[in-house]
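First comes the structure, then the notes that go with it.
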Amino acid sequence: MEYNFREIEKKWRQNWIDEQVYKVTEDESKPKYYVLDMFPYPSGAGLHVGHPLGYIASDIYSRFKRLQGFNVLHPMGYDAYGLPAEQYAIQTGQHPEVTTKNNIQRYREQMNKIGFSYDWSREIRTCEPIYYKWTQWAFIRMFNSFYCYDKKRALPIDELISAFEQNGTKGLNIACGEEMEFTAKEWKDKSKVEKQKILLNYRIAYLGDTMVNWCPALGTVLANDEVVNGLSERGGYPVEQRVMRQWCLRVSAYAQRLLNGLDKIDWTDSLKETQRNWIGRSEGAEMAFKVKNSDIEFTIFTTRADTIFGVTFMVLAPESELVDKLTTNEQRAEVNNYIDITKKRTERERIADHRVSGVFSGSYAINPLTNEAIPVWISDYVLAGYGTGAIMAVPAHDSRDYAFAKHFNLPIIPLIKGCDISEESFDAKEGIMMNSPVQGKEIPGGLILNGLTVPEAIAKTKIYIEEKKLGKIKVNFRLRDAIFSRQRYWGEPFPVYYDENGLPQMLPDKKLPLKLPEVDKFLPTETGEPPLGRATNWAWDTINEKVVSCSLIDNKTVFQLELNTMPGFAGSSAYYIRYMDPRNEQELVSPQADKYWRNVDLYIGGTEHATGHLIYSRFWNKFLYDIGISCEDEPFLKLINQGMIQGRSNFVYRINGTNKFVSFNLKDQYDVTPLHVDVNIVVNDVLDIEAFRNWNPEYNTAEFILENGKYICGWVIEKMSKSMFNVVNPDMIVDKYGADTLRLYEMFLGPLEQSKPWDTNGIDGVHRFLKKLWNIFYGNADSLQITNEAATPEELKSLHKLIKKVTFDIEHFSFNTSISAFMICLNELSTLKCKKQEILEQFIIILAPFAPHITEELWHAFGYKSTICDAKWPEYKEEYLKEDMVKYAISFNGKARFNIELPADMSKEDVEKIALTHENSTKWLQGKEPKKIIIVPQKIVNIVI
RNA sequence: GCUCGGAUGGUGGAAUCGGUAGACACGAAGGACUUAAAAUCCUUUGGCUAUUGCAGCUGUGCGGGUUCAAGUCCCGCUCCGAGUACCA
């Protein structure tokens with residue numbers, strides 16, 4: 001009987017759906033294991049062959065864990081809100097919901113064909129109200145919380161209000177936008193509106209004025225990656241920097257916890273490092289500088305307090321509020337001119353173009369350690385958003401300050417003995433201090449750093465600053481708060497309306513979800529409002545607590561609802577929690593479900609989410625942990641990044657000016673143009689000439705110059721894309737070879753975490769393996785050719801070697817090597833002509849996670865029901881693996897010379913004796929006495945002469 | 001610039017604790033079966049030298065080092081990839 005994979009796979013796909021074998025529920029009798037894939041954005045192009053890589057790996061792991069007796073939660077869903085569907089809607093008028101639904105259906109069909117063991121009853125879609133209700137709910141919780149650094153957690157905002165009422169801001173160590181100070185009395189005297197405004201400075205979800213990329217032509221804020229060279233990625237319109245009032249999440253409050261948490265989780269070092277860099281903790285000091293002839297004082301942040309004696313100027317960011325205060329009348333015109341110029345430059349331009357620019361403010365600051373007056377400059381190399389937006393410049397020991405000083409001819413004072421600063425600054429934190437203070441400028445009782453090493457100087461300066469109250473030790477983070485508003489249609493609406501004072505108010509929980517309204521077009525309004533401004537029913541009636549027509553807005557009881565929507569990461573930040581209890585309408589997750597499933601044990605996905613989703617998710621989870629919803633502080637215990645699958649494009653070579661094509665190895669003899677050719681009509685780099693003629697009418701009459709009767713194509717690795725004709729669709733592979741072959745092949749391609757090109761050149765190998773397996777069972781017969789004879793030691797050894805290897809490999813996510821092991825074992829078994837059920841049964845079980853369809857069919861042929869229900873992962877037994885004879889390599893001075901086979905239980909001394917007296921040994925020893933003999937058990941006997 | 005990876009036959013890749021490098025697979029060459037093709041099976045396959053027979057040398061990007069023994073560990077480079085970037 002032939003291996004008819006099409007029929008087998010179809011049959012079992014249906015059976016699994018009918019029997020609901022993948023449905024899981026909380027089961028206290030079994031240990032839980034949660035395996036999660038990063039859910040996809042359902043794009044119009046469908047899945048290509050690169051998408052399933054991680055899904056196959058996680059599926060193998062899930063099935064493996066299930067066979068080991070774990071209760072495995074393995075869900076899938078869709079990150080359904082997003083830009084492409086909205087852009088498509090703008091162009092075609094097609095509602096994004098319709099496009100999204102169609103795309104989801106296609107994704108689902110494609111995934112079903114690959115035989116994944118998802119519990120589809122738990123499917124979630126971020127754009128469905130039953131799901132986004134809880135995104136909105138969590139947002140309201142964040143609005144009603146603040147972050148306390150002392151308790152290291154989020155707390156209800158009411159606690160902050162009572163703290164203000166009792167002591168004002170005294171003694172509070174809490175996350176905020178700008179530092180505020182007031183007494184309890186001052187607080188009580190403030191109006192209700194003022195109080196609300198102050199509270200926004202502390203809420204975890206807050207409305208704040210932040211610098212954004214604003215694209216006037218598109219009428220929306222753009223994310224950094226949507227802006228290319230100062231122009232919008234879509235349409236190429238200019239983008240400007242603008243301060244806008246936006247919803248933000250105070251992610252920065254969690255910076256230290258996000259950093260600490262990395263030590264507790266099993267992620268790759270490189271990914272942890274990426275997150276550490278992104279969080280960017282830097283320890284330093286904040287120091288106050290007085291302005292000469294003024295009572296103004298400003299603070300700067302520095303990690304090099306030790307270089308204070310080398311400060312020769314100060315620099316303010318152009319956006320800093322201090323600029324206006326410190327600019328003197330003589331300099332005002334010049335400063336304003338400079339500010340105007342920098343405003344027009346986009347963030348991109350500033351980053352791309354590092355030319356030195358700046359302007360003198362006219363003011364001088366007083367160095368608190370030397371009492372010298374130093375000029376205050378303004379330059380765009382200082383960023384408003386980091387630290388205090390002001391720096392002390394030490395040109396001798398900072399390359400940017402150095403460039404600035406050289407350009408404007410400002411003094412440079414070297415502080416490290418022997419450093420050469422004629423060409424560039426000396427930035428390293430090493431060496432012995434000098435000029436600190438400069439000889440002859442010592443202040444009685446002042447700080448002296450001369451002769452100390454840099455680390456000693458840093459420590460001493462910090463202590464001095466604190467003692468003299470010149471400043472304080474401060475830890476700064478690069479991690480910034482997340483901007484949470486988008487001027488988009490296709491996203492979660494905010495459960496927010498604006499009251500008569502323009503202050504945001506949350507909708508009551510019981511009225512959630514606030515559903516996305518219908519609009520006539522998916523564009524901004526004529527007055528520049530976001531698309532939701534087009535909705536006619538988008539006002540909140542506070543009396544009847546429902547959405548009503550905008551025409552009823554009176555700003556007394558009926559108010560405007562928020563017009564922004566939430567960004568893409570809103571829905572993906574806590575989806576893994578929702579899978580635990582996806583249909584619960586009363587709670588985000590029931591405490592029972594949460595306590596059972598806890599968090600994700602294994603998360604597989606791409607590395608591109610390192611500084612986005614994986615930071616937001618950890619933040620979101622920590623918040624839910626603080627408010628008692630999630631019982632775990634970290635959401636993803638182990639994380640594996642699957643590599644990207646690149647395209648492998650094929651080329652044909654057309655002789656210029658003709659319709660003649662020359663084979664790859666002969667092309668150098670002609671004047672040719674390489675042309676992309678559809679990889680689907682090329683097999684092992686050999687062109688299917690007939691298919692090529694039919695591929696494009698232009699090539700109907702094409703002629704070919706062949707080598708060895710074949711047309712060989714050239715190839716190159718590039719991104720998988722339609723325009724390169726290198727997109728390979730998984731459906732096609734499933735159709736041609738079957739899902740099991742696709743699964744095995746994608747794993748066999750190479751290490752999971754490595755990026756690699758898709759290349760079907762080796763797919764026959766794994767397909768042959770499955771055919772060979774089938775032939776062991778059926779051969780040419782139509783009935784099973786299996787016996788009940790007892791297995792021989794050789795057969796048992798081959799099998800148990802395999803069990804040991806595959807168990808180890810799966811646990812280490814080394815799927816490519818386990819497939820090799822299957823092939824080796826199958827070859828051994830066919831050499832032994834093994835047809836024994838005892839052996840083959842177990843072979844089938846361990847292959848089941850990799851190739852579920854064929855194994856299910858063969859398992860069923862044994863008379864069992866389903867590997868998913870009645871199979872158990874076998875344990876290997878060392879006793880079967882024992883070798884009777886051990887091969888020793890006899891080596892002289894580390895060079896292996898010959899092999900001998902000796903009984904495994906022979907003592908070291910006897911092995912030594914035999915090795916030395918072996919006839920071949922005398923040749924190498926030449927009568928000399930060996931200096932040393934080293935025996936590595938079961939491997940090598942090394943004789944040192 | 002900084003951080004983190006990587007470099008092994010014609011190709012994808014193995015070598016899990018420093019122990020006979022090249023498993024497994026593809027491709028290629030030769031052979032068997034077949035009217036023929038497909039499918040299947042067998043042999044060879046890092047390079048060089050030798051080949052009637054054994055065999056020998058060399059070899060994991062480059063240059064050093066440690067060790068009886070290095071693809072693996074240490075030092076110094078080269079190249080490639082990823083992330084990040086005026087973060088004071």
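A quick note: this is a predicted structure, and the numbers were derived from the prediction, not measured. FYI, side chains are in, hydrogens and waters are out, and symmetry mates aren't considered; it's all heavy atoms of this structure. First the proteins, then the strands, lettered A, B, ... as listed; each starts at 1.
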Between [N] and [X], is there an OP1 or OP2 to side-chain N/O distance shorter than 4.0 Å?
X      : N     : result
A:N816 : B:A14 : yes
A:T607 : B:A82 : no
A:R276 : B:C4  : no
A:Y381 : B:A88 : no
A:Q275 : B:U84 : no

Stepwise ring pair (Phe, Tyr, Trp, His ring centres under 6.0 Å) test for A:Y778 and A:Y3: CA-CA 9 Å; A:Y778 287 101; A:Y3 167 42; over 10 Å; no
Identify all side-chain donor-acceptor contacts of residues 748-756 of chain A below 3.5 Å with residues at least two apart in sequence or on another chain.
| from | atom 1 | to | atom 2 | distance (Å) |
| --- | --- | --- | --- | --- |
| A:S755 | OG | A:M644 | N | 3.0 |
| A:K756 | NZ | A:P751 | O | 2.6 |
| A:K756 | NZ | A:Q754 | O | 3.3 |

A:R276 and A:D263 ion-paired at < 4.0 Å: yes
May I ask you to say what [X] touches in the nucleic acid, namely base, sugar-phosphate or nothing, with a heavy-atom cut-off under 4.0 Å?
X      : result
A:F769 : nothing
A:P757 : nothing
A:E608 : nothing
A:S820 : base
A:K804 : nothing

Gap in Å between the two [atom1] atoms, one belonging to [N] and one to [M], rounded:
N     : M     : atom1 : answer
B:A55 : B:G64 : C1'   : 33 Å
B:G1  : B:G65 : P     : 29 Å
B:G22 : B:C41 : P     : 24 Å
B:G30 : B:A21 : P     : 32 Å
B:C80 : B:C75 : P     : 23 Å
B:G61 : B:C57 : P     : 22 Å
B:U78 : B:G63 : C1'   : 10 Å
B:G27 : B:A38 : P     : 13 Å

Look at the side chain of [X] and decide which nucleotide, out of [options], has an atom nearest to it.
X      : options             : result
A:D398 : B:A25, B:A88, B:C41 : B:A88
A:N761 : B:C26, B:A25, B:C4  : B:C26
A:T611 : B:G13, B:A25, B:U84 : B:U84
A:S270 : B:C4, B:G83, B:A88  : B:C4
A:I824 : B:G27, B:A23, B:U3  : B:A23
A:R478 : B:A85, B:U40, B:C86 : B:A85
A:D380 : B:C26, B:A88, B:C86 : B:C86

Pair A:D380, A:T342: side-chain N/O donor-acceptor within cut-off below 3.5 Å: no
Earlier contact from the 5' end, RNA chain B, for A:E273 and A:N775: A:E273
Counting distance only, does the side-chain N/O of [X] pair as donor-acceptor with the main-chain N or O of [Y] below 3.5 Å?
X      : Y      : answer
A:S361 : A:V376 : yes
A:Y402 : A:I421 : yes
A:N476 : A:S282 : no
A:S320 : A:L322 : yes

Sub-6.0 Å ring centroid separation between A:F815 and A:Y61: no
[X] [atom1] - [N] [atom2] separation (whole Å):
X      : N     : atom1 : atom2 : value
A:D759 : B:G27 : CG    : P     : 11 Å
A:W758 : B:G12 : CH2   : P     : 16 Å
A:K801 : B:A23 : NZ    : C1'   : 12 Å
A:K756 : B:G6  : NZ    : C1'   : 14 Å
A:E2   : B:U40 : CD    : P     : 10 Å
A:I763 : B:C24 : CD1   : C1'   : 16 Å
A:W278 : B:U3  : CH2   : C1'   : 14 Å
A:M823 : B:C24 : CE    : P     : 11 Å

Test ring-ring contact (aromatic ring centres under 6.0 Å, His included) applied to A:H767 and A:Y745, A:Y737, A:W774, the passing residue: A:Y737
Dot-bracket notation for RNA chain B, counting Watson-Crick and G-U pairs under 3.5 Å, with | for partners on another strand: (((((((..(((......[....)))((((((.......))))))((((.....))))..(((((..]....))))))))))))....
Chi class for B:G10: syn within 90° of 0, otherwise anti: anti
Glycosidic conformation of B:C33, taking syn as within 90° of 0 and anti otherwise: anti
